[in-house]
Number of protein chains: 2
Amino acid sequence: MRSKQTTIWDIAVKLNISISTVSRALRNAGDINPETKKAVLKLADELDYQPNSIAASLRNSKTNIIGIIVPEFIHSYFPRVILGVQEEAYKSGYKLMISQSGESLEIEKENIHAMISSRVDGLIMALSRETDEYDHIRSVQKRGIPVVFFNRFADELQGSKVLVDDYKGAFEAVDYLIKTGCRRIAHLAGPEKLTMSGNRINGYIDALKLHGIPVLEELIIPCDFMEGKARQATQHLLNMPDRPDAIFVVNDPTAIEALICLKENNVKIPEEISLVCFSNAPHSTFVDPPLTAVVQPLFEIGKTAARLLIEQITEGKAFVPSIKKLETEMVIRKSTRLVSPAGQFPSSLR
Amino acid sequence: MRSKQTTIWDIAVKLNISISTVSRALRNAGDINPETKKAVLKLADELDYQPNSIAASLRNSKTNIIGIIVPEFIHSYFPRVILGVQEEAYKSGYKLMISQSGESLEIEKENIHAMISSRVDGLIMALSRETDEYDHIRSVQKRGIPVVFFNRFADELQGSKVLVDDYKGAFEAVDYLIKTGCRRIAHLAGPEKLTMSGNRINGYIDALKLHGIPVLEELIIPCDFMEGKARQATQHLLNMPDRPDAIFVVNDPTAIEALICLKENNVKIPEEISLVCFSNAPHSTFVDPPLTAVVQPLFEIGKTAARLLIEQITEGKAFVPSIKKLETEMVIRKSTRLVSPAGQFPSSLR
DNA sequence: AACGTTACCGGAAACGTTGCCGGAAAATTG
DNA sequence: CAATTTTCCGGCAACGTTTCCGGTAACGTT
């Protein structure tokens with residue numbers, strides 16, 4: 001039996017005024033005597049009154065809650081994005097309701113339903129790796145609840161999107177590898193359904209093509225973000241009669257797995273095989289060797305997504321969804337060789 | 001302008017029955033004709049009806065939301081605990097509202113207010129490192145909202161607590177270091193306000209005492225979980241004329257910093273200095289060298305906390321808060337030396 | 001035929017807010 | 001001093017549910 005919380009009604013009775021007056025005093029809407037207002041605020045403070053936002057939400061048909069659905073948050077990627085969302089959301093008086101799909105479409109759907117039931121004002125999400133149908137998401141949008149995607153999305157879905165330049169980042173990474181003299185470059189790719197994976201693969205391919213290096217299907221291995229998959233893939237690469245001399249990895253957890261596998265096989269990094277990942281986990285900094293990586297502005301992604309969403313919430317139908325593409329940055333660490341001035345551009349090309 | 005969502009009222013009108021009947025049909029409470037029930041469910045499905053849980057919460061004075069406040073979730077510690085909470089909570093039909101205090105007392109207070117306003121049914125929390133007064137938390141409890149603490153708590157606070165055996169874990173770690181031949185063991189400790197820090201320090205001290213090793217104040221340095229602090233502290237240790245031969249570190253992020261600092265100073269681990277941390281981040285596994293650590297059952301901590309909380313929510317006042325102490329486990333990796341059979345117990349002791 | 005029982009259903013209040021609207025008192029104006 | 005405006009306040013409906021309570025019709029029982 002929970003002890004009853006104080007309501008505006010309690011305050012009204014104690015001060016012998018009406019609840020409307022109390023309400024006005026509390027949210028300082030006009031038409032209120034400064035004296036009464038002061039009295040109300042004082043009493044509210046004494047009684048440790050906390051407004052019942054449930055009631056307010058019902059009345060206003062607005063919850064001031066932003067829902068977030070991410071695949072997971074045990075790797076630091078999503079938490080860091082959420083940090084950005086939180087910063088921006090709190091500034092505008094929004095609270096966060098976070099849930100994880102655990103990379104499962106089923107759970108993603110459940111989460112979506114929960115978000116709808118909770119009547120969130122808007123939704124920020126990154127799809128699970130399994131998500132290949134979108135009716136549950138369209139159902140949210142049909143209700144007029146704006147959705148902003150980041151990182152993991154599908155082209156056929158409407159809505160604002162915040163992404164990084166996957167193509168360019170991948171291109172730069174592979175281009176860099178080539179400039180350090182690597183020629184047989186493998187790519188541990190992401191789930192094929194995600195737009196992101198394709199873009200990174202394209203960047204990878206085009207960089208190879210630019211330098212006249214043949215693109216080999218067998219060197220592109222999708223890893224699906226499943227634990228163990230990257231290790232397997234890496235082992236597979238090592239078992240090849242003609243080992244690659246570099247691996248470009250789609251994301252951070254995958255890269256760590258690859259790294260562990262390489263070390264287990266006593267492969268010297270970067271002497272025998274160079275490693276570059278598309279990432280931003282701080283892990284890259286303190287593994288051995290520290291990983292050269294294409295880093296993403298995670299915090300900024302979160303802030304941007306939140307800003308877009310809040311705009312859309314306030315502007316309503318008038319708002320046109322937009323796509324924000326943020327820049328990545330290549331950070332050179334120790335998992336790649338130095339750029340060889342001579343081998344920078346193979347003679348075959350120039 | 002948001003398109004109106006369908007309500008039980010819409011269903012009622014379409015079927016020419018009353019909203020009470022619709023309500024009964026949907027939550028299959030008794031007194032309902034199977035035929036009408038079927039019709040209602042069918043139409044609800046067709047209209048893609050999602051119950052408005054805001055309204056239900058208001059009516060029932062129960063939100064089925066569990067609030068979680070943690071200091072941060074960019075390190076994997078808290079996310080993993082939250083994973084456990086989520087598993088257990090979802091099973092019982094609870095949703096999660098998560099927020100971060102960012103290790104700030106001010107924000108922690110704000111978060112608390114938001115949780116109260118949202119009328120969460122219960123709260124699971126780990127205090128920020130700054131928290132040294134507890135009125136905001138007592139204010140939650142006074143309202144009859146149960147609170148369960150984990151990891152970071154204060155002894156003077158009432159409520160269920162889920163913790164690990166900090167004392168024992170620390171003791172074992174230091175005991176192990178001694179058995180590997182270390183004699184001058186430093187301790188990078190946690191914020192002094194947290195019970196946890198004290199317990200770990202005591203375990204450290206008692207292990208030293210057991211082996212007759214003098215406890216030196218200068219070797220115990222509180223690190224406060226602030227970025228950069230551990231690095232400074234480690235450097236300080238290295239600058240001593242008489243360097244320690246081992247460091248026992250209070251948690252994982254701190255250990256990583258220490259590790260980086262040691263490496264920068266070209267200190268050989270574990271030959272010159274051994275490193276042990278109280279932790280569970282997977283980081284420990286893939287840094288170089290992999291860290292010997294006292295690991296905690298993070299997922300289990302979350303599940304236990306959720307279970308305790310839900311029990312208290314359902315049982316109400318009858319529930320007596322309890323303290324669950326979970327066991328830690330020492331995992332030996334490469335950052336410590338091997339146990340020297342000879343040096344296991346210094347002769348001075350036996 | 002009168003009554004009790006059963007099986008369903010509808011009305012209405014309540015949860016705590018907010019905001020419109022009208023009204024009374026006070027202040028301002030001519 | 002009357003008329004008008006301003007200032008402040010209270011009543012009331014509404015948000016979408018749930019649930020208590022009572023009512024009606026059909027059926028079975030003497």
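Numbers restart at 1 for each chain; the letters A, B, ... are given by sequence-line order, proteins then strands.
- Salt-bridge formation is not detected for the pair Lys303(B)/Glu300(B): no Lys NZ or Arg NE/NH1/NH2 atom is positioned less than 4.0 Å from an Asp or Glu carboxylate oxygen.
- A salt bridge does not link Glu108(B) with Arg129(B): every distance from a Lys NZ or Arg NE/NH1/NH2 to an Asp or Glu carboxylate oxygen is 4.0 Å or more.
- The shortest distance between the side-chain N/O atoms of Tyr49(A) and the OP1/OP2 oxygens of dT17(C) is below 4.0 Å.
- Rounded to whole angstrom, the span from the CD1 atom of Ile116(B) across to the P atom of dG16(C) amounts to 16 Å.
- The separation between Trp9(A) atom CH2 and dA14(C) atom P is 11 Å, rounded to whole Å.
- Going from atom CG of Asp10(A) over to atom C1' of dG16(C) covers 11 Å, rounded to whole Å.
- Rounded to a whole Å, the CG atom of Leu26(A) is 12 Å from the P atom of dG19(C).
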- Query: How does protein contact run along nucleotides 5-14 of chain D, one letter per nucleotide 5' to 3', with B for base contact, S for sugar-phosphate only, - for none, heavy atoms under 4.0 Å?
  - Reply: ---BBBBBBB
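- For the pair Lys62(B) and Asp121(B), the salt-bridge criterion is met [side-chain N within less than 4.0 Å of a carboxylate O].
- Relative ring orientation between Phe150(B) and Phe78(B) is described as perpendicular, the plane-to-plane angle rising above 60° on a 0-90° scale split at 30° and 60°.
- A salt bridge links Lys42(A) and Glu46(A); the closest N-O separation between the charged side-chain nitrogens and carboxylate oxygens is under 4.0 Å.
- Here the P atom of nucleotide dC15(C) and the CD atom of Gln5(A) are 14 Å apart, to the nearest Å.
- One atom, CZ of Arg27(B), and another, P of dT19(D), lie 8 Å apart when rounded to the nearest Å.
- For the pair Glu133(A) and Arg138(A), the salt-bridge criterion is not met [side-chain N within less than 4.0 Å of a carboxylate O].
- Rounded to an integer number of Å, the gap from CG of Leu58(B) to P of dC15(D) is 14 Å.
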